[in-house]
Amino acid sequence: MARTKPRLYRGFRDVFAADVLARNRMINTVRQVYERYGFVPLETPAIEYVEVLGKFLPESTQPDGGIFSLHNEDEEWIALRYDLTAPLSRVVSMYPELPRPFRRYQVGPVYRFEKPGPGRFREFYQFDFDSVGVPRADADAEICCVMADTLEAVGIQRGDYIIKVNDRKILNGILELTGYNNLDKIVEGDIPIGPAKGKPYRRQITSDDIFRAIDKLDKVGIEGVELLLTGGRLDESGDYTPGCELSDDALEKILGYLNAKKDSRKEVCDLLAETIGDSEIGKEGVEELRTIDSHLTALGYDESRVIFDPTVVRGLSYYTGPVFEGELTFEVTDESGNSKSFGSVFGGGRYDDLVKRFTGQMIPATGASIGVDRLLAALKHLGRIDTKSSTAHVLVTVMDKNFRTEYHKLAHSLRQQGINTEVYMAGGNIGKQLKYADKANIPIAIIAGDREFEDGKLQIKDLWLGRDLSEEVEDRETWRTERPAQFEINADELLENVKTILNQYKLL
RNA sequence: GCAACCGUAGCUCAGAUGGCUAGAGCGCCUGACUGUGGAUCAGGAGGUCCCCGGUUCAAGUCCGGGCGGUUGUACCA
């Protein structure tokens, strides 16, 4: 009979103890920060109606790519949530009795039907917090504070991260200045360069594509952005991306805007105010940034933590005002040996129109979201994660089956004192049991047979110490006869001995 | 979606121009005191060489198609 082959669906993964434990710890830390600001927990289902999730039903009969969707029994489209913000906006419009402002946090898996990459999965955790019902920019300033506090709480040092802020209204203002704010045209022609040279292309270009191009600054550099805004760009795989074919004048304005980088937030605001000229929407954006700046400054969140950066776009999404990006700035080397900064782990912004699609009324909201797994990867990289893969701190070994009850009683008494204790339940000699403890990363083993029980003694073994000592032991004989890191103790002194060892490993 | 590269043991890979009974390191299992982790030593298990078809006396190796993976790019809430 053909057996079933165990396999994982592309982009999904199993997560084992060490990683789950580390993630739980991190989530706990983050939760404490969110709660310190008064955010309250919310849980929503993983599945929602497609139209609730957002703009994924064009006029076609199928939801857009990018999400996991299926038909329900009534032939309606439902889908796995791809973020936690759309469900929040549904909740806000479904329960008008909720207190406003509604400030909630939510953590859980979200799903995206995209090509997975290294560290990029189709199921991953996000940890969001949002303020719904607050139009004022001090709410945005608060988001920045929470972001900074959170990153520091989980162990990212000041200087190893930066919160970057921009405002969509300013971006829109710039677009307005260039005259391309309602851009919608078809560009077509023959690919001018590369392996596919001569092949015809045809592409619809809208204002969004200008943002898209700007958003790629990190990836393709300023020259790349320039190409994307003008004639088009050939990437290293030989793929050609048609450009926006902007005028020289417009290009110049955009590039000038992207250069409005200064060390101080105030200077950036001044520079942007100058660049933005008479654009009403642009001026509004600058005012918002000024308000955020003054709040942050008053609270002592200076440019070492939060800066204004005109190049931040944050995708296309639903953002309507300030946008935030929490970036880790320390360098990492990828597998091809290039060093680059770790990148963004925290993102968000103001989205004043998101609830409107349900209720018709504008309900302002602002918030941010942690890419939990990416942040976890960063902490691992920094060595700020202990990778314990066990919950047991003590393994009671079974040397003599006749004493099985005794072993369980020993374990029970330790548990009652709050010590996580496991009794070895499978068969096998002592060596096998110690190997198990070693592999499971359990720090202490207790060994006892008839000799010990007769004398009221126990053998207690510090396995982690033994592991270190073993590096100096040359031959098998001394290892076995000396039994490093193993002590005989009186049975009634077990608890204090266990505690002493666990304290050394900071496990209590 | 498009493009390039890749697919041999659980993992990392070796197997010039077609000629094997397909190998190595690591890992895994057993043993070296039936009361002790590591190192060492001695054994052992483990492969339809991704799948299907073609060329050939002969295919892990060449050709076609599929599937899967990696990377880049597009999209990205």
Undergrad: Sort by first number and list every stem of RNA chain B: at least 3 consecutive Watson-Crick or G-U wobble pairs, both distances under 3.5 Å.
TA: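 Looking at RNA chain B, the stems formed by three or more consecutive pairs are B:1-7 with B:67-73, B:10-13 with B:23-26, B:28-32 with B:40-44, B:50-54 with B:62-66.
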
Undergrad: Roughly how far apart, to the nearest Å, are B:U40 and B:G1 at atom P?
TA: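 Taking atom P in both B:U40 and B:G1, they lie 48 Å apart.
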
Undergrad: Under 4.0 angstrom, heavy atoms only, what part of the nucleic acid is A:Gly466 near: base, sugar-phosphate, or nothing?
TA: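 Base: the residue A:Gly466, judged by heavy atoms under 4.0 Å, touches a nucleobase.
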
Undergrad: Between A:Tyr9 and A:Lys219, which residue's closest nucleotide on RNA chain B lies nearer the 5′ terminus?
TA: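 Here A:Tyr9 is the residue nearer the 5' end.
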
Undergrad: With P as the reference atom in both, quote the distance from B:U70 to B:C29 in angstrom, rounded to an integer.
TA: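 The same atom, P, in both gives a distance of 29 Å.
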
Undergrad: Can you check the A:Arg233 CZ to B:C75 P distance for me, whole Å?
TA: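 Nearest whole value for this atom pair: 11 Å.
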
Undergrad: Return the set of residues passing side chain to side chain donor-acceptor pair (under 3.5 Å) with A:Arg212 (not counting sequence neighbours), or none when no residue passes.
TA: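 Side chain to side chain donor-acceptor pair (under 3.5 Å) check on A:Arg212 returns A:Asp209.
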
Undergrad: Between the side-chain atoms of A:Arg120 and the base atoms of B:C76, is any donor-acceptor pair under 3.5 Å?
TA: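 In this structure, the two groups form a donor-acceptor pair.
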
Undergrad: Looking only at atom P, what distance separates B:C52 and B:G60, rounded to whole Å?
TA: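 It comes out at 12 Å once rounded to the nearest Å.
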
Undergrad: B:U36 P sits how many Å from A:Ile460 CD1, rounded?
TA: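 Value for this atom pair: 19 Å.
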
Undergrad: What's A:Asp462 touching, base or sugar-phosphate or nothing? Going by heavy atoms closer than 4.0 Å.
TA: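 It contacts base atoms.
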
Undergrad: For the residue pair A:Arg357 and A:Ser89, establish whether any side-chain heavy-atom pair is separated by less than 4.5 Å.
TA: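 A:Arg357 reaches A:Ser89 side chain to side chain.
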
Undergrad: Could you tell me how far apart A:Tyr319 (OH) and B:C76 (C1') are, to the nearest whole angstrom?
TA: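 Interatomic distance, OH of A:Tyr319 to C1' of B:C76: 12 Å.
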
Undergrad: Output the single nucleotide from B:G37, B:U36, B:A74 whose closest atom is nearest the side chain of A:Lys435.
TA: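 It is B:G37.
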
Undergrad: What integer distance in Å separates A:Arg374:CZ from B:C76:P?
TA: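 The answer, rounded to whole Å, is 19 Å.
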
Undergrad: Of the listed nucleotides (B:U36, B:C75, B:A77), which one gets closest to any side-chain atom of A:Leu434?
TA: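 For A:Leu434, the side-chain atoms sit closest to B:U36.
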
Undergrad: Let's see if you get this right: which residues in residues 446-453 of chain A place a heavy atom under 4.0 Å from RNA chain B?
TA: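 Residues of residues 446-453 of chain A under 4.0 Å from RNA chain B: A:Ile447, A:Asp450, A:Arg451, A:Glu452.
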
Undergrad: Can you say whether a donor on the side chain of A:Lys115 sits under 3.5 Å from an acceptor on the base of B:U71, or the other way round?
TA: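 Under the 3.5 Å cut-off, the side chain and the base do form a donor-acceptor pair.
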
Undergrad: For A:Phe403, what residues pass the ring pair (Phe, Tyr, Trp, His ring centres under 6.0 Å) criterion, not counting sequence neighbours?
TA: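 Scan of A:Phe403 (ring pair (Phe, Tyr, Trp, His ring centres under 6.0 Å), adjacent residues dropped) gives A:Phe453.
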
Undergrad: Only pairs under 3.5 Å count here: list side-chain donor-acceptor contacts from residues 101-111 of chain A, not counting sequence neighbours, and write none if there are none.
TA:
| residue | atom | partner | partner atom | Å |
| --- | --- | --- | --- | --- |
| A:Arg103 | NH1 | A:Ser131 | OG | 2.9 |
| A:Arg103 | NH1 | A:Glu142 | OE1 | 2.9 |
| A:Arg103 | NH2 | A:Tyr37 | O | 2.7 |
| A:Arg103 | NH2 | A:Glu142 | OE1 | 3.2 |
| A:Arg103 | NH2 | A:Glu142 | OE2 | 3.1 |
| A:Arg104 | NH1 | A:Gln106 | OE1 | 3.0 |
| A:Arg104 | NH2 | A:Asp130 | OD1 | 2.3 |
| A:Tyr105 | OH | A:Glu35 | OE2 | 2.5 |
| A:Gln106 | NE2 | A:Thr44 | OG1 | 3.0 |
| A:Tyr111 | OH | A:Glu123 | OE2 | 2.9 |

Undergrad: A:Arg10 side chain: which of B:G37, B:G35, B:G69 is closest?
TA: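 Among the listed nucleotides, the one closest to the side chain of A:Arg10 is B:G69.
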
Undergrad: Tell me the interatomic distance from A:Asn429, atom CG, to B:A32, atom P, rounded to whole angstroms.
TA: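 After rounding, the reported distance stands at 9 Å.
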
Undergrad: Kindly indicate whether the side chain of A:Gln459 and the base of B:U36 share any N or O donor-acceptor pair separated by less than 3.5 Å?
TA: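 It does not, because no donor-acceptor pair links the side chain of A:Gln459 to the base of B:U36 below 3.5 Å.
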
Undergrad: Can you sort out the partners of A:Asp492 under side chain to side chain donor-acceptor pair (under 3.5 Å), two or more places apart, ordered by chain and number?
TA: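 Scan of A:Asp492 (side chain to side chain donor-acceptor pair (under 3.5 Å), adjacent residues dropped) gives none.
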
Undergrad: If you look only at pairs with a residue in residues 420-430 of chain A, which of them pass as a salt bridge (Lys or Arg N to Asp or Glu O under 4.0 Å), with sequence neighbours excluded?
TA: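 Residue pairs passing salt bridge (Lys or Arg N to Asp or Glu O under 4.0 Å), neighbours aside: none found.
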
Undergrad: When you measure from the side chain of A:Asp209, which nucleotide among B:U36, B:C75, B:U73 comes out closest?
TA: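 From the listed options, B:C75 comes nearest.
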
Undergrad: A:Glu114 has a side chain; which of B:G35, B:A74, B:C76 sits nearest to it?
TA: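 Minimum distance to the A:Glu114 side chain belongs to B:C76.
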
Undergrad: Reckon A:Asp83 touches a base, only the sugar-phosphate, or nothing at all at heavy-atom distances under 4.0 Å?
TA: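 Since only primed, P, OP1 and OP2 atoms lie under 4.0 Å of A:Asp83, the category is sugar-phosphate.
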
Undergrad: Any chance NZ of A:Lys185 has more than 12 other-residue heavy atoms, nucleotides or ligands included, within less than 6.0 Å?
TA: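 More than 12 heavy atoms, drawn from other residues, nucleotides or ligands, come within 6.0 Å of this atom.
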
Undergrad: Look at the side chain of A:Gln486 and decide which nucleotide, out of B:C75, B:U36, B:A74, has an atom nearest to it.
TA: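 For A:Gln486, the side-chain atoms sit closest to B:U36.
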
Undergrad: When the C1' atoms of B:G23 and B:G69 are compared, how many Å lie between them, rounded to an integer?
TA: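 Result for the C1' pair: 24 Å, nearest Å.
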
Undergrad: For B:C50 versus B:G10, give the span between their P atoms, rounded off to a whole number of Å.
TA: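 Comparing P positions in B:C50 and B:G10 gives a spacing of 13 Å.
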
Undergrad: How would you list, by chain and number, every residue that makes a ring pair (Phe, Tyr, Trp, His ring centres under 6.0 Å) with A:Phe211, sequence neighbours excluded?
TA: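 Once residues adjacent in sequence are excluded, A:Phe211 has no partner under the ring pair (Phe, Tyr, Trp, His ring centres under 6.0 Å) criterion.
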
Undergrad: A:Met147: which residues meet the side-chain contact (heavy atoms from CB on, under 4.5 Å) condition with it, sequence neighbours left out?
TA: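 Counting only residues at least two positions away or on another chain, A:Met147 forms a side-chain contact (heavy atoms from CB on, under 4.5 Å) with A:Phe129, A:Ile143, A:Ile163, A:Phe324, A:Phe346, A:Ala368.
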
Undergrad: Expressed as a whole number of Å, how far does the C1' atom of B:A22 sit from that of B:C13?
TA: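 Per the computed distance, 14 Å lies between those C1' atoms.
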
Undergrad: Name the pairs: protein N/O against N/O of nucleotides 26-28 of chain B, kept only if under 3.5 Å.
TA:
none

Undergrad: Any pair with a residue in residues 348-367 of chain A that passes ring pair (Phe, Tyr, Trp, His ring centres under 6.0 Å), sequence neighbours left out, goes on the list, sorted by first then second residue, please.
TA: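 Found A:Tyr318-A:Tyr351.
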
Undergrad: Mind checking the C1' distance from B:A59 to B:U48? Whole angstroms is fine.
TA: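 Between the two C1' atoms, the distance is 15 Å.
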
Undergrad: Any side chain to side chain donor-acceptor pair (under 3.5 Å) pairs touching residues 445-459 of chain A, not counting sequence neighbours?
TA: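 For residues 445-459 of chain A, and leaving out neighbouring residues, the side chain to side chain donor-acceptor pair (under 3.5 Å) pairs sorted by first residue read A:Glu452-A:Gln459, A:Lys457-A:Asn490, A:Gln459-A:Gln486, A:Gln459-A:Glu488.
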
Undergrad: Looking just at side-chain N and O atoms, do A:Asp140 and A:Thr366 make a donor-acceptor pair shorter than 3.5 Å?
TA: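 Looking only at side-chain atoms, A:Thr366 and A:Asp140 do form a donor-acceptor pair, the distance falling under 3.5 Å.
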
Undergrad: With C1' as the reference atom in both, quote the distance from B:G25 to B:C2 in angstrom, rounded to an integer.
TA: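 Between the two C1' atoms, the distance is 39 Å.
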
Undergrad: Given B:A77, B:G37, B:G35, which nucleotide is nearest the side-chain atoms of A:Lys461?
TA: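 When the side chain of A:Lys461 is considered, B:G37 is the closest of B:A77, B:G37, B:G35.
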
Undergrad: Calculate the interatomic distance between A:Arg350 atom CZ and B:A77 atom C1'; express it in whole Å.
TA: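 Those two atoms, CZ and C1', are 18 Å apart.
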
Undergrad: Please determine, for the side chain of A:Arg112, which listed nucleotide (B:C76, B:A74, B:G37) has the closest atom?
TA: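 When the side chain of A:Arg112 is considered, B:C76 is the closest of B:C76, B:A74, B:G37.
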
Undergrad: Tell me if a side-chain donor or acceptor on A:Tyr34 pairs with a main-chain N or O of A:Phe127 at a distance below 3.5 Å.
TA: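 Yes.
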
Undergrad: Could you check how far CZ of A:Phe127 sits from C1' of B:A77, rounded to whole Å?
TA: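 Rounded to whole Å, this separation is 19 Å.
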
Undergrad: Answer whether the closest heavy-atom distance between the side chains of A:Leu395 and A:Tyr436 falls below 4.5 Å.
TA: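 Yes. Closest side-chain heavy atoms under 4.5 Å.
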
Undergrad: Starting from C1' on B:G38, measure out to CZ on A:Arg467 and report it in whole angstrom.
TA: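 For the pair A:Arg467 CZ and B:G38 C1', the rounded distance is 10 Å.
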
